[in-house]
Enquirer: 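Structure below; questions to follow.
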Amino acid sequence: MQAFGETLFDVVYLVLVITVGIKMIRQSKGDRQYRLFGIMAVTLGCGDAFHLVPRAYALCTTGLENYTAALGIGKFITSITMTVFYILLYYVWRTRYKIEGKKEITIAVYLMAALRIILCLFPQNAWTSADAPLSWGIYRNIPFAILGLIVIVLFYRSAKEHKDRDFRWMWLTIVLSFGFYIPVVLWADTVPAVGMLMIPKTCAYVWTVMIGYHAMRKTAR
């Protein structure tokens, strides 16, 4: 039952975000913010596919324990693409609100992204091992959480300042995604049921993508 339900959810999610992303790229009509948003959605979907496709295959065949290496490599790739996702979202913010300068924020974003990627590259992460250390899961997610916090604050302040109803909940989608993700990092290995929080976390990302898509549709009318 888990195999069927989870696989169906993952397929719907991946097809949805990638399709919406491609539509946004094709229909952006030269509007940079929506083209960036489309690239961001495709990056999200394609990156997650590296982890979700092997997971679905494992669930539908001989079990997760027999695909540890594939799942680990997929998780590593997803960690990198999610970092790129937030860099793109940062540039959506800059483009939408016509932000000039703010070099210190850009430096902070790239510094946190670089730290995240560098920490992901350390062999101590033991991506392909069934006994990957929790400590390194925490280390690599510290700069990632800071990166997310920066983007949360930026969207919250700008949407409020500009009375931007279309993007007024963008900050909340990111808060929810991290709120569901952090417990998984900390406790999923010892309490497997906590891993179910990845479903609402994924829904939060779908909400993020749909905010951009509906805003684009609204401007096209």
Enquirer: Within a radius of less than 6.0 Å around CH2 of W169, do more than 12 heavy atoms belonging to other residues, nucleotides or ligands occur?
Expert: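 Not more than 12 within 6.0 Å, no.
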Enquirer: I152, W93: one ILVMFWY side-chain cluster at the under-4.5 Å cut-off?
Expert: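 Same cluster: I152 reaches W93 through Ile, Leu, Val, Met, Phe, Trp or Tyr contacts under 4.5 Å.
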Enquirer: If I take atom CZ from residue R140 and atom CD from residue Q124, how far apart are they, to the nearest 0.5 angstrom?
Expert: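 Output value for this atom pair is 11.5 Å.
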Enquirer: So that I can tick it off, tell me whether R55 and E6 are bridged by a salt bridge, with the cut-off set at under 4.0 angstrom between side-chain N and carboxylate O.
Expert: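 Yes, E6 and R55 are salt-bridged.
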Enquirer: Centroid-to-centroid, W171 to Y156, below 6.0 Å?
Expert: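 Centroid distance W171-Y156: below 6.0 Å, so yes.
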Enquirer: Does a side-chain heavy-atom distance below 4.5 Å link Y67 with T61?
Expert: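 Touching, per the 4.5 Å side-chain cut-off.
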Enquirer: Answer yes or no: is there a side-chain heavy-atom contact under 4.5 Å between D166 and R96?
Expert: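 They are in contact (side-chain heavy atoms under 4.5 Å apart), so the answer is yes.
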Enquirer: Are the side chains of Q33 and R94 in contact, using a 4.5 Å heavy-atom criterion?
Expert: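 Heavy-atom side-chain distance check fails, nothing below 4.5 Å.
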Enquirer: So do Y213 and Y34 actually touch side chain to side chain, heavy atoms under 4.5 Å?
Expert: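 Not in contact.
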Enquirer: Kindly write out the residues that satisfy side-chain hydrogen bond (donor to acceptor under 3.5 Å, both in side chains) with Y110, not counting sequence neighbours, or none if the list is empty.
Expert: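 Here the qualifying residues are Y91.
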Enquirer: Under 4.5 Å side-chain heavy-atom separation, chaining through any Ile, Leu, Val, Met, Phe, Trp or Tyr, what else clusters with W127? Say none if it is isolated.
Expert: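 W127 shares its hydrophobic cluster with F50, I73, F76, I77, I80, I117, L121.
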Enquirer: Verify whether one side chain among T7 and Y57 offers a donor that lies under 3.5 Å from an acceptor in the other.
Expert: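 The criterion, which ignores hydrogens and geometry beyond distance, is not satisfied for Y57 and T7.
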Enquirer: Could you tell me whether the side chain of M82 reaches within less than 4.5 Å of the side chain of D48, counting heavy atoms only?
Expert: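 Answer yes - side chains close enough.
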Enquirer: Between D164 and Y97, is there a side-chain donor-acceptor contact under 3.5 Å, judged purely by atom types and distance?
Expert: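 Distance-only check passes for Y97 and D164.
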Enquirer: Enumerate the residue pairs fulfilling ring-ring contact (aromatic ring centres under 6.0 Å, His included) with a member in residues 179-206, sequence neighbours excluded, ordered by first and then second residue.
Expert: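 Residue pairs passing ring-ring contact (aromatic ring centres under 6.0 Å, His included), neighbours aside: F85-Y205.
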